[in-house]
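Below: one structure, written as C-alpha cells.
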Amino acid sequence: QVQLVESGGGLVQAGGSLRLSCAASGRTFSINAMGWFRQAPGRVREFVAAISWSGSDTTYADSVKGRFTISRDNAKNTVYLQMSSLKPEDTAVYYCAAGRAPMDWESLYDYWGQGTQVTVSS
C-alpha cells in the first residue's frame, strides 16, 4: 500500500500563488508516476498535472500550462504543485495520486490522497 498526504491548500486572491505538497509513504518503490487532479463543485474530477517518479517526464492539462509547475523531491518522496496566476476557476479540491504512468487517465492511478481545498477569490 501507498499512503498519500496532501497539504498547502487554502484561500488566495486571483493572481496569487500557492504550493501544494504531497508526501508519499509505504511501498513507494511501486510508484512510477505521481499526478494531481482536481474536482470543482458540481463537476467531474479532472487531470491537472503528472510527473514520472524520476522527474524526467511531465504532463499538464491545457488549462494550467504556463501557470502550474509540478516537481518532486526524491529524497523526501514528495511531489509539489506550484500554482501561479491563479484564477477563480481554479477553485477545487485538489487530489494527489500515485500510479503507473505520468498521464491524464485516472485509471492509471492506484492510490489517492484525501484532497486539499484550494479557493481562489475574485
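Everything numeric here is computed off the predicted structure, so don't read it as measured data.
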Report summary line: Quick note, disulfide bond (SG atoms under 2.5 Å apart) partners involving residues 58-122, not counting sequence neighbours, are C22-C96
Any donor and acceptor pair, going by atom type alone, linking the side chain of [X] with main-chain N or O of [Y] inside 3.5 Å?
X    : Y    : value
E6   : Q114 : yes
R100 : D110 : no
R72  : G55  : no
S52  : D57  : yes
T78  : K76  : yes
Y109 : M103 : yes

Straight-line distance of [X] [atom1] to [Y] [atom2], nearest 0.5 Å:
X   : Y   : atom1 : atom2 : value
S21 : Q82 : OG    : CD    : 9.5 Å
R38 : Y95 : CZ    : OH    : 13.5 Å
S84 : R19 : OG    : CZ    : 11.5 Å

Query raised in the report: Can you check salt bridge (Lys or Arg N to Asp or Glu O under 4.0 Å) on D62 and K65, steps first, answer last?
Result: CA-CA 5 Å; D62 289 343; K65 280 182 181 177; 3.2 Å; yes
Query - Heavy-atom side-chain contact between Q117 and L11 under 4.5 Å - result: no
Query raised in the report: What closest approach, in Å, do P88 and A14 show between heavy atoms, and which atom pair accounts for it?
Result: CD-CB, 4.1 Å
Report summary line: What one should report as the nearest heavy-atom pair of S54 and N74 is O-ND2, 4.4 Å
Report summary line: Apart from I70 itself, its cluster of hydrophobic side chains linked below 4.5 Å comprises V2, L4, V12, L18, L20, I31, M34, W36, V48, I51, W53, Y60, V64, F68, V79, L81, M83, L86, Y94, Y111, V118, V120
Requested in this report: Kindly work out whether a path of hydrophobic side-chain contacts (I/L/V/M/F/W/Y, heavy atoms less than 4.5 Å apart) joins Y80 to V93.
Outcome: no
